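Working notes, beginning with the structure itself.
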2 protein chains.
Amino acid sequence: MGTTQLETVPEPKYWHLKTVLSEALDSEFSVGEILPNERDLAARFGVARATLRQALEQLELEGRLQRRRGVGTTVAPPRVGVAVGTAQHAWPGGPNDAWQTLDCALEVPPAAVAEALVTGRDEPVHIVRRSRVSHGRPVAAELLYIPADSVPDLSGIDAPSGTARARAVLRELQRLELERQENAVELGSARADDARELDRLPGAPVLVVTTRFVARGRTAALSVATYRADTCRLTFGDSGGVEIHHGPERQAS
Amino acid sequence: MGTTQLETVPEPKYWHLKTVLSEALDSEFSVGEILPNERDLAARFGVARATLRQALEQLELEGRLQRRRGVGTTVAPPRVGVAVGTAQHAWPGGPNDAWQTLDCALEVPPAAVAEALVTGRDEPVHIVRRSRVSHGRPVAAELLYIPADSVPDLSGIDAPSGTARARAVLRELQRLELERQENAVELGSARADDARELDRLPGAPVLVVTTRFVARGRTAALSVATYRADTCRLTFGDSGGVEIHHGPERQAS
DNA sequence: AAGTGGTCTAGACCACACC
DNA sequence: GTGTGGTCTAGACCACTTG
């Protein structure tokens, strides 16, 4: 019989729930407004708390919600656009740099980094920590790996670590002529230290931007920057960025 | 009393589990090898299956594992680097384009897209579907939104839809002079249709690359491309990309 | 102390791939 | 049919923030 299959698609509950919540966010909630707690929401929709949480997790992943332990779940503001990559096309620490230099250490890098640099294993490199703030919120944490021979004239500096030394290392780096830089973005999860700096729990989804700075045909520095995936939209290329956001969210009073 | 807090950090079980599994993947498994099933693994580590799954989910998010319903969990190969953005700096559909044109329709775009284009609401635009394949695997699905007035001389074409019309639309687009393009990357979750095309379940994490093509001071086209976040590393900028991958994984025989 | 989200358990059933 | 990962439940306790 020509009865068209009545679409008996057993759509998962959490998926349907996510759709319903998403529409409710658009029409009934304002940015910053706090939602009912998970137990109440689960009861209201007639599902187990774990199922509700699966929906909330996805919405948080998409940047629609923000959850904080001990506080509650709030409607997130639209993602902020942050410029990465070829925008400046210059060494880190140069003028108009969006980053704040924290400190510096001389340590053996992870094996994967040592491989990308040409340094041998067990060979210590300068590791500069920096952080990036946008709209008053921390959005990224960076580790900059700089082989010792990229900054050969560092003898005059006595501070063994700290912000002063970090700045000195970056200053020395400027003296090299930057040939080009190579960028890559991939999805990762926040390590414990990054998570603390980004005000998130360990394992939170992050966008990892690795940048290789090439000078004199060699890798003179390697940057591994982790951006909060829930709050950031990375823009690159010619300029600006595309504004694509969701429905008519109002600002909470 | 001056006893230093003995760091009684109750690290979550799934987090510790993830670390253990990650090290095991480096040392004891080869790419493509299949892991024991979830029930066995959970029993082996003395945790509930849900807890084990939390660890597996994170490892999959990081591109270390690949899970397929009805089949099993396998060790994933390193992420493939795919070039996006300014690499070509040209209209879609041009020479050396990595994309495969699928079909075309004339429909009203989502509100968010209509806003980014300057078109009014309810005004239909050309929607070209394309897909991108790398190493024999689908890595991205794209929707290209093209306002009707970006391709004014489309009258000679009779095919109302299909691949032929899609190619015709792209061909017409080449006649405009491209001023610049703006790119952005953000995290998202796969819609049902994208998921099918990417061979993933709905909700799977994806990297959404939105590109705005500017010509004659206006947005002449808007591309929304969703890349599999588990298998892709997006490279952009000057050239190539950085190879950062994990420990000594061997190739399965 | 009370309330929130985060973790964890021990089950059950479902959808899918493969034999 | 058998075995896999995916979904769902109804609890419990923990870590954290706030009053």
Side-chain angles (χ1 to χ4, degrees), chain A residues 5 7-19 21 33-61 64-76 189-190 192 195-196 199-205 230, chain B residues 5 7-19 21 33-61 64-76 189-190 192 195-196 199-205 230:
Chain A
Q5 183 85 10
E7 281 287 26
T8 48
V9 191
E11 190 179 49
K13 276 188 186 176
Y14 79 92
W15 186 260
H16 180 241
L17 205 53
K18 178 191 144 186
T19 308
L21 285 170
E33 198 171 342
I34 99 173
L35 269 60
N37 72 54
E38 297 183 348
R39 290 161 180 87
D40 284 354
L41 274 180
R44 182 175 312 187
F45 286 106
V47 300
R49 191 178 156 218
T51 304
L52 172 82
R53 278 180 61 81
Q54 213 171 340
L56 294 185
E57 262 149 38
Q58 284 228 2
L59 289 172
E60 191 180 29
L61 199 80
R64 309 288 312 273
L65 292 180
Q66 193 155 349
R67 296 146 89 200
R68 273 179 304 168
R69 166 154 55 178
V71 179
T73 301
T74 59
V75 181
S189 51
R196 208 175 317 114
D199 194 23
R200 300 254 53 198
L201 289 178
D230 55 344
Chain B
Q5 184 84 9
E7 281 287 29
T8 49
V9 191
E11 191 179 49
K13 274 189 187 177
Y14 80 89
W15 186 260
H16 180 239
L17 204 52
K18 179 191 144 186
T19 308
L21 284 170
E33 197 170 342
I34 96 173
L35 269 59
N37 72 53
E38 297 184 349
R39 291 161 179 86
D40 285 353
L41 275 180
R44 182 175 313 186
F45 286 106
V47 300
R49 191 176 156 219
T51 303
L52 173 83
R53 277 179 62 80
Q54 214 171 340
L56 294 184
E57 261 149 39
Q58 284 229 1
L59 289 171
E60 190 179 30
L61 200 79
R64 309 287 312 275
L65 292 179
Q66 193 155 354
R67 297 146 91 199
R68 272 180 304 170
R69 166 155 54 179
V71 179
T73 302
T74 59
V75 180
S189 51
R196 208 176 316 113
D199 193 25
R200 299 254 53 198
L201 289 179
D230 56 342

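None of these values were measured; they are calculated from a predicted model. Labels below follow one simple rule: chain letters A, B, ... track the order of the sequence lines, proteins then strands, and each chain is numbered from 1.
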Reading nucleotides 4-14 of chain C from the 5' end, what letters show protein touch, with B for base, S for backbone sugar-phosphate only, - for no heavy atom under 4.0 Å?
BBBBSB--BB-

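- Shown here are the side chain to side chain contact (heavy atoms under 4.5 Å, CB included) partners of B:Ser189, two or more places apart in sequence or in another chain: A:Lys18, A:Gln58, A:Glu62.
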Mind listing the side-chain donor-acceptor pairs of residues 46-54 of chain A below 3.5 Å, one per line with the distance, residues two or more places apart or on another chain?
unit_1, atom_1, unit_2, atom_2, d
A:Arg49, NE, A:Glu38, OE1, 3.0
A:Arg49, NH2, A:Glu38, OE1, 3.0
A:Arg53, NH1, A:Glu38, OE1, 3.2
A:Arg53, NH1, A:Glu38, OE2, 3.0

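- In this entry the distance linking CD1 of B:Ile34 with C1' of C:dA17 reads 12 Å, nearest Å.
- The two residues A:Ala55 and A:Tyr14 have their closest heavy-atom pair at CB-O, 3.6 Å.
- Note: A:Thr73 OG1 to A:Leu35 CG = 6.0 Å, rounded to the nearest 0.5 Å.
- For B:Arg69, the side chain to side chain contact (heavy atoms under 4.5 Å, CB included) partners two or more places apart in sequence, or in a different chain, are B:Leu201.
- Every residue two or more places apart in sequence or in another chain that forms a side chain to side chain contact (heavy atoms under 4.5 Å, CB included) with B:Asp199 is listed here: B:Arg228.
- Defining each end axis of the helix from C:dA1-D:dT18 to C:dC18-D:dG1 as the rotation carrying four pairs' C1' atoms onto the next four, with five pairs an end, the two axes are found to diverge by 10° to 10 degrees.
- Applying the side-chain hydrogen bond (donor to acceptor under 3.5 Å, both in side chains) rule to B:Glu60 yields the partners B:Arg67, B:Arg200; only residues at least two apart in sequence or on another chain are considered.
- Applying the side chain to side chain contact (heavy atoms under 4.5 Å, CB included) criterion to B:Arg68, with sequence neighbours excluded, gives B:Val71.
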